[in-house]
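Owing to the predicted nature of the structure, the values given are computational and were not obtained by experimental measurement.
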Amino acid sequence: MSRRMRERRQAVELDAALDRAGHRRPFVTARLYLLGLFLVGALSAGAGVNWLRTGEIVFRSSEPSASDDPDGDVIARIDREDPIFFPIALCWLNLGSGIAALAGLSLFVRERLIERSVVYACIGLIFLAVATSLVGSAAG
C-alpha cells in the first residue's frame with residue numbers, strides 16, 4: 001500500500017472516530033462557515049475592483065465629519081500615480097477571488113485540503129489588510 005493511500009485511510013478512520021465521538025462540526029454549521037468565507041472573498045474582490053475602477057484607495061476617518069465636504073473625513077489617499085496602487089488593488093482582487101472560488105468549490109467538494117487553503121488565504125487577507133492600512137498611514 002502506498003504512503004498516500006495509508007494517509008488517506010488514516011484520515012478516513014480519524015473522521016469516522018470523530019463522528020462516533022460527536023466531535024465533528026454539524027453539516028449546516030460547516031456550510032454556513034463556508035458561505036461566510038465566500039462572502040468575505042467576494043467583498044474583498046469587489047473592493048479591489050472598485051479601487052481599480054475609481055483609480056484611488058481612500059482611507060476615511062471613523063468619526064463623522066462636521067463639514068458638508070465629502071472629502072472632509074479623508075485621512076489618506078493612494079492614487080493611480082502611486083507605484084504601490086496597482087499591487088495593492090490587484091492583491092485584493094486576486095486574493096478575494098481565490099477565497100471566493102475555493103470556498104465555493106469547498107461547498108460542493110468535501111476535501112480538507114481545499115478547506116485549509118481557504119483558511120490560509122483568509123489569514124493572508126488579514127496580513128494584506130494590515131499592510132494596506134500601514135501603506136495608507138504612510139501615505140497620509
- Message: If hydrophobic clusters are built by linking Ile, Leu, Val, Met, Phe, Trp and Tyr wherever their side-chain heavy atoms come under 4.5 Å apart, do Leu39 and Leu102 end up in the same one?
- Response: no
- In this structure, CD of Glu81 is separated from CD of Glu56 (nearest 0.5 Å) by 10.0 Å
- Message: Let me check something: do Val109 and Leu34 share a hydrophobic cluster, defined by ILVMFWY side-chain heavy atoms less than 4.5 Å apart, either directly or through other members?
- Response: yes
- For Arg80 and Arg53, which heavy atoms make the closest approach, and how far apart are they? NH2-O, 4.1 Å
- Item | Heavy atoms of other groups near Arg116 CZ, more than 12 under 6.0 Å | no
- Message: With a 4.5 Å cut-off on side-chain heavy-atom distances among I, L, V, M, F, W and Y, is there a chain of contacts connecting Leu125 to Leu134?
- Response: no
- Task: Walk me through it: do Val119 and Tyr33 pass the test side chain to side chain contact (heavy atoms under 4.5 Å, CB included)?
- Result: CA-CA 11 Å; Val119 172; Tyr33 170 74; 3.3 Å; yes
- Connected via hydrophobic side-chain network under 4.5 Å: Leu93 and Phe86: yes
- Query: Should Ile78 and Phe59 count as side-chain neighbours, where that means a heavy-atom distance under 4.5 Å?
  - Reply: yes
- Query: Can you find a heavy atom in the side chain of Leu113 that is under 4.5 Å from one in the side chain of Glu115?
  - Reply: no
- side chain to side chain contact (heavy atoms under 4.5 Å, CB included) between Ser44 and Leu95, worked out: CA-CA 8 Å; Ser44 300; Leu95 194 56; over 6 Å; no
- Are Leu128 and Ile126 connected in the hydrophobic side-chain network, where two residues link if heavy atoms are under 4.5 Å apart? no
- Distance (rounded to the nearest 0.5 Å) between Asp79 CG and Thr54 OG1: 9.5 Å
- Message: For a side chain to side chain contact (heavy atoms under 4.5 Å, CB included) check, start with the C-alpha distance between Ile99 and Phe38, then their side-chain angles and the critical distance, and finish with the verdict.
- Response: CA-CA 7 Å; Ile99 290 171; Phe38 177 81; over 6 Å; no
- Taking C-beta and beyond as the side chain, do Val49 and Trp92 meet within less than 4.5 Å on heavy atoms? no
- Closest heavy-atom pair and its distance - Arg31, Ser106: NH1-O, 3.4 Å
- Do Thr132 and Phe127 come close enough that some side-chain heavy atom pair is under 4.5 Å? no
- Task: Begin with the C-alpha distance, continue with both residues' side-chain angles, and end with the deciding distance and a verdict on side chain to side chain contact (heavy atoms under 4.5 Å, CB included) for Leu52 and Leu90.
- Result: CA-CA 8 Å; Leu52 287 172; Leu90 289 175; 3.8 Å; yes
- Task: Check Gly136 against Ala76 and note the closest heavy-atom contact, atom names and distance.
- Result: O-CB, 3.1 Å
